[in-house]
Amino acid sequence: MTEARGSAGPNGETHARHVPGTPCWVSLMVHGMAATQEFYGSLFGWEFRPGPQQLGPYVRALLDGHEVAGIGQLPPDRHLSIAWTPYLASDDVDLTAETVCLCGGTVGVGPLDAEEAGRLMIGSDPSGAVFGVWQAAAHLGTSIGSVPGTPAWHELLTFESVSVAKFYETVFGHEEEPVVSTDLDYVILHIGGRPVAGIHGVGGAVSRDRGPHWVTYFEVADTDEAAAHVADLGGHVLKPPRDSAHGRVAMVADPEGARFSLLQRPR
């Protein structure tokens with residue numbers, strides 16, 4: 001994991017439109033909408049309002065009136081992994097979908113319109129990691145950052161970084177910055193010289209039940225307190241808080257099993 005130097009201003013407000021290739025939204029599909037809203041509302045201080053309903057019931061999470069994430073309802077007969085999915089910005093989601101397929105990825109949903117909000121697709125890279133693509137119209141995506149309760153970084157856990165990084169470079173125009181290390185397989189993806197996401201090759205340590213997958217880091221004021229709160233709310237602490245070069249981090253899961261990380265930036 002590396003620090004995300006985003007486009008947030010001094011008050012945490014981000015630029016209105018996300019540059020193509022940058023993470024612009026994160027969404028979670030669950031079975032229990034009410035319980036999930038209660039969990040994240042208590043953990044991050046989120047409030048909720050209805051969003052587009054094309055894929056079923058869906059709400060947008062707001063922090064101090066700013067949109068930060070989405071939560072949707074899975075159909076009862078769908079037994080998919082419960083996971084946070086990052087969406088990357090695109091000026092032409094149909095062209096992006098074609099490129100995904102040409103580069104060895106797959107398109108599972110869309111492209112389709114989400115009412116007047118924008119146009120989306122959900123696909124997977126050649127390793128099987130699921131991601132979304134968002135072409136903004138009325139809904140521009142996450143509108144606040146660099147404050148507790150907002151997405152801070154997105155990291156792909158996969159078998160190896162090199163081939164997967166080439167996929168994202170070709171599809172989204174990312175520039176690669178390999179981390180020089182004898183014991184770490186890590187590539188930082190840049191857009192316009194700014195780091196926007198990371199790819200961590202962990203070999204056989206990839207979870208057998210989940211396979212390669214994206215992990216979202218959410219910023220918190222105190223990682224230890226937030227991790228304890230996760231447990232109190234019925235979630236699970238998968239990797240306890242520890243200090244890293246980029247802050248204090250912990251891996252946790254919500255009550256339905258969606259994994260995410262907590263990040264307390266260095267003071």
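None of these values were measured; they are calculated from a predicted model. Numbers for residues simply follow the sequence, beginning at 1.
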Is the gap between the ring centers of [X] and [Y] under 6.0 Å?
| X | Y | answer |
| --- | --- | --- |
| W46 | F39 | no |
| F260 | Y217 | no |
| H154 | W84 | no |

For the atom pair [atom1] ([X]) and [atom2] ([Y]), what is the distance rounded to the nearest 0.5 Å?
| X | Y | atom1 | atom2 | answer |
| --- | --- | --- | --- | --- |
| H200 | I188 | NE2 | CD1 | 11.5 Å |
| T150 | F44 | OG1 | CZ | 9.0 Å |
| M121 | W134 | CE | CH2 | 13.0 Å |
| H66 | S143 | NE2 | OG | 6.0 Å |
| L62 | R60 | CG | CZ | 9.0 Å |
| Q37 | E47 | CD | CD | 11.5 Å |

Is any side-chain heavy atom of [X] closer than 4.5 Å to a side-chain heavy atom of [Y]?
| X | Y | value |
| --- | --- | --- |
| P195 | E175 | no |
| V202 | F159 | no |
| L189 | I199 | yes |
| L28 | T36 | yes |
| P52 | Y58 | yes |
| W153 | H246 | no |
| P255 | L233 | no |
| V147 | L63 | yes |

If every non-hydrogen atom of [X] is compared with every non-hydrogen atom of [Y], which pair is closest and at what distance?
| X | Y | value |
| --- | --- | --- |
| V237 | P240 | CG1-CA, 3.8 Å |
| W214 | A129 | CD1-CB, 4.2 Å |
| Q135 | D92 | OE1-CA, 3.5 Å |
| Y87 | S27 | CE1-CB, 3.7 Å |
| L120 | A114 | CD2-CB, 4.1 Å |
| C103 | P126 | O-CG, 3.7 Å |

Residues that V162 engages under side chain to side chain contact (heavy atoms under 4.5 Å, CB included), provided they are two or more places apart: E160
With T106, which residues qualify under side chain to side chain contact (heavy atoms under 4.5 Å, CB included), at least two apart? S124
Check the surroundings of atom CD in E38: do more than 12 heavy atoms from other residues, nucleotides or ligands lie under 6.0 Å from it? no
For Q53, I'd like to know if atom CD has over 12 heavy atoms of other residues, nucleotides or ligands within 6.0 Å. yes
Sequence neighbours excluded - ring-ring contact (aromatic ring centres under 6.0 Å, His included) pairs with any residue from residues 99-132: F131-Y168, F131-F172
Does any N or O in the side chain of [X] come within less than 3.5 Å of the main-chain N or O of [Y], such that one atom is a donor and the other an acceptor?
| X | Y | value |
| --- | --- | --- |
| H18 | T142 | yes |
| E256 | G32 | yes |
| Q264 | T223 | yes |
| D125 | S127 | yes |

Derivation of the side chain to side chain contact (heavy atoms under 4.5 Å, CB included) call for S161 and Y186: CA-CA 6 Å; S161 67; Y186 201 100; over 6 Å; no
Decide side chain to side chain contact (heavy atoms under 4.5 Å, CB included) for S261 and V249; before the verdict, give the C-alpha distance in whole Å, the side-chain angles of both, and the deciding distance to 0.1 Å. CA-CA 7 Å; S261 287; V249 298; 5.7 Å; no
From CA spacing to verdict: salt bridge (charged side-chain N to carboxylate O under 4.0 Å, His left out), D94, R119: CA-CA 9 Å; D94 294 81; R119 192 163 172 81; 2.8 Å; yes
Evaluate the side-chain hydrogen bond (donor to acceptor under 3.5 Å, both in side chains) criterion for residues E67 and H139: first the C-alpha distance (whole Å), next the side-chain angles of each, then the deciding distance (0.1 Å), finally the verdict. CA-CA 9 Å; E67 296 178 339; H139 173 62; 2.8 Å; yes
So, S42 and H229: side-chain donor and acceptor under 3.5 Å apart, yes or no? yes
Can you see whether H31 engages Q73 through a side-chain donor-acceptor pair at a distance of less than 3.5 angstrom? no
Audit row: D254, Y40, side chain to side chain contact (heavy atoms under 4.5 Å, CB included) steps and yes/no: CA-CA 8 Å; D254 69 20; Y40 287 101; 2.7 Å; yes
For the pair R259 and L238, evaluate side chain to side chain contact (heavy atoms under 4.5 Å, CB included) and give the outcome as yes or no after the intermediate values. CA-CA 9 Å; R259 300 180 182 186; L238 305 177; 3.7 Å; yes
Quickly, which of T216, I191, L88 forms a side-chain contact (heavy atoms from CB on, under 4.5 Å) with P23? Name it, please. L88
